Amino acid sequence: MRTTRYGALAMAAAAALTLSACGGGGETEGGGEGTGEAAAESVRIGIKFDQPGLGFDEGGEYTGFDVDVAKYVAGELGYSEDQIEWVEAPSANRENLLSNEQVDMIFATYSITDTRKETVDFAGPYFIAGQDLLVPVDSDITGPEDLDGRNLCSVTGSTSAQRVKDEFAEGVNLVEQPGYAECVSLMSGGQIDAVTTDDIILAGLAAQESNQGQFKVVGNPFSEENYGVGLTKGSELCSDINAAIEKMIEEGAWEEALANNLEGVDYEPNAELNPPTPDDCA
């Protein structure tokens, strides 16, 4: 049975009925920190498993900027790293994972939108990304307007490339692949001219050891994507998570995590928007 130290009052009440370690009347025992009860606690955090530099499963070791922010936040909430249960959170499954209470929170390049707020809550943002382009280091492409007559790759089902065609370069040739790694492979072979998605995702791809020195993020973002921490509707964790994010930024750990995960890439996040200030909790 999982219990959390912050919020989740309904879960604590339910646990009181089944765990002999809990006090009667729905009250928890004091002095939980450092006790056997606290050691049994865990937190389930959803991340991407396939985004290098952000959320990546390296044979059971999880790395990336999202992962580092999640670890920091979890630590501020009272959880050690070995109390974290990492759960894969593909984009299409994020709302379901939260609605079905399969995770406690999600750090997975999860943009805060009004539509999503109808079914889930958010803390943050902890990063503000922007749609951009990844190109070969010797490319003359400086923005989406330069893509007429060029080949632009994105993943199947993504709206990123279509947006470029609709708003910036009607004559662009769109190429779809199952994943961004396949797009990068095509670009290595000279079959496409650019890849598009959020800038930090592109930077993570370029930071992979096999890709270092070959590609660059153009640095001309044409959207704003506020990456938030996904929470179940009605969660009481928002204010504690926001406080943790603010502390991570103030201590310099946020900047250090970003630099460590995107080392070797010519990429700087939008300095006018980053590091961000978390929104007020609803």
Side-chain angles (χ1 to χ4, degrees), residues 47-67 88-92 108-109 111 127 129-223 225 227 258-270:
I47 58 169
K48 295 289 182 67
F49 280 12
D50 60 352
Q51 284 187 340
L54 287 156
F56 196 62
D57 179 1
E58 298 186 81
E61 290 191 20
Y62 302 95
T63 61
F65 178 67
D66 282 354
V67 173
E88 186 172 15
S91 295
T109 60
S111 296
F127 187 83
Q131 187 180 340
D132 210 325
L133 303 172
L134 186 71
V135 298
V137 291
D138 58 354
S139 174
D140 61 354
I141 295 171
T142 61
E145 300 87 354
D146 296 333
L147 291 171
D148 270 317
R150 314 262 192 137
N151 296 322
L152 175 66
C153 190
S154 192
V155 300
T156 304
S158 169
T159 60
S160 300
Q162 189 62 49
R163 181 180 183 191
V164 172
K165 188 176 183 70
D166 292 343
E167 299 181 19
F168 299 101
E170 185 178 352
V172 68
N173 303 312
L174 303 185
V175 179
E176 290 190 339
Q177 290 294 307
Y180 292 111
E182 288 86 349
C183 285
V184 172
S185 293
L186 288 178
M187 192 156 59
S188 294
Q191 296 164 269
I192 62 166
D193 301 290
V195 182
T196 187
T197 186
D198 295 352
D199 52 4
I200 192 170
I201 297 175
L202 296 173
L205 290 165
Q208 285 188 285
E209 187 174 350
S210 59
N211 295 331
Q212 283 191 5
Q214 297 186 59
F215 308 109
K216 65 182 180 181
V217 180
V218 166
N220 186 8
F222 43 98
S223 75
E225 309 296 336
Y227 288 174
L258 196 65
N260 288 343
N261 286 292
L262 302 177
E263 186 177 0
V265 182
D266 184 15
Y267 166 72
E268 293 288 339
N270 188 327

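It should be emphasised that the depicted structure is a prediction, and the values quoted were computed from it without experimental measurement.
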task = For residues I141 and L147, determine if any side-chain heavy atom of one lies less than 4.5 Å from a side-chain heavy atom of the other.
result = yes

Test salt bridge (charged side-chain N to carboxylate O under 4.0 Å, His left out) applied to E145 - qualifying residues, sequence neighbours left out = none

task = Specify the closest pair of heavy atoms between K216 and P136, including all atoms of both residues, with the distance to one decimal.
result = CE-O, 3.7 Å

task = For the pair F127 and Y227, name the ring-plane relationship: parallel under 30°, tilted 30 to 60°, perpendicular over 60°.
result = tilted

remark   = Distance col, row I192:CD1 vs Q177:CD, nearest 0.5 angstrom, shows 7.5 Å

note = To the nearest 0.5 Å, atom CD1 of I200 lies from atom CG of L205 at 11.5 Å

message = How close do D140 and R150 get, counting heavy atoms only, and between which atoms?
response = OD1-NH2, 3.1 Å

Check: E170 side chain, K165 main-chain N or O, donor-acceptor pair, under 3.5 Å = no

ask   = Taking side chain as C-beta onward, heavy atoms only, is L262 less than 4.5 Å from F65?
value = no

ask   = Which residues satisfy the ring-ring contact (aromatic ring centres under 6.0 Å, His included) test with F56, sequence neighbours excluded?
value = none

Stepwise side chain to side chain contact (heavy atoms under 4.5 Å, CB included) test for V184 and L134 = CA-CA 9 Å; V184 172; L134 186 71; 4.1 Å; yes

query = Under 4.5 Å between any side-chain heavy atoms of Q212 and V265, yes or no?
reply = no

message = Would L133 and N220 count as a side chain to side chain contact (heavy atoms under 4.5 Å, CB included) here? Give the steps.
response = CA-CA 8 Å; L133 303 172; N220 186 8; over 6 Å; no

query = Would you find a donor on one side and an acceptor on the other, under 3.5 Å apart, between the side chain of Q214 and the backbone of S188?
reply = no

key: Candidate pair Y267 and D199, rule side chain to side chain contact (heavy atoms under 4.5 Å, CB included), full reasoning   = CA-CA 8 Å; Y267 166 72; D199 52 4; 3.4 Å; yes

ask   = Minimum heavy-atom separation for T197 to S160, with atom names?
value = CA-OG, 4.0 Å

message = Measuring from atom CD of E167 to atom OG of S223, what distance do you get when rounded to the nearest 0.5 angstrom?
response = 9.5 Å

task = Only counting residues at least two apart or in another chain, list the ones meeting side chain to side chain contact (heavy atoms under 4.5 Å, CB included) with Q191.
result = L186

remark   = Output for pair (Q51 CD, T109 OG1), nearest 0.5 Å, gives 4.0 Å

query = Just by modelled atom types, is the T196 backbone N or O under 3.5 Å from a matching donor or acceptor in the S154 side chain?
reply = yes

query = Just by distance, do the side chain of N151 and the backbone of D193 share a donor-acceptor pair under 3.5 Å?
reply = no

ask   = Can any side-chain N or O of Q162 pair as donor or acceptor with the backbone N or O of T159 at less than 3.5 Å?
value = no

key: Stepwise side chain to side chain contact (heavy atoms under 4.5 Å, CB included) check, S91 with K48   = CA-CA 8 Å; S91 295; K48 295 289 182 67; 3.0 Å; yes

message = Nearest 0.5 Å, please: how far is CD in E88 from CG in D57?
response = 8.0 Å

query = Considering all heavy atoms of both residues, which atom of A129 and which atom of D198 are nearest to each other, and what is their separation?
reply = CB-CB, 4.1 Å

E58 CD: over 12 foreign heavy atoms closer than 6.0 Å = yes

request  = Please name the pair of heavy atoms, one in G213 and one in V137, separated by the smallest distance, quoted to 0.1 Å.
outcome  = O-CG1, 3.5 Å

message = More than 12 heavy atoms of other residues, nucleotides or ligands under 6.0 Å from CG of D266: yes or no?
response = no

CD1-CG distance between I201 and D132, expressed to the nearest 0.5 angstrom = 11.5 Å

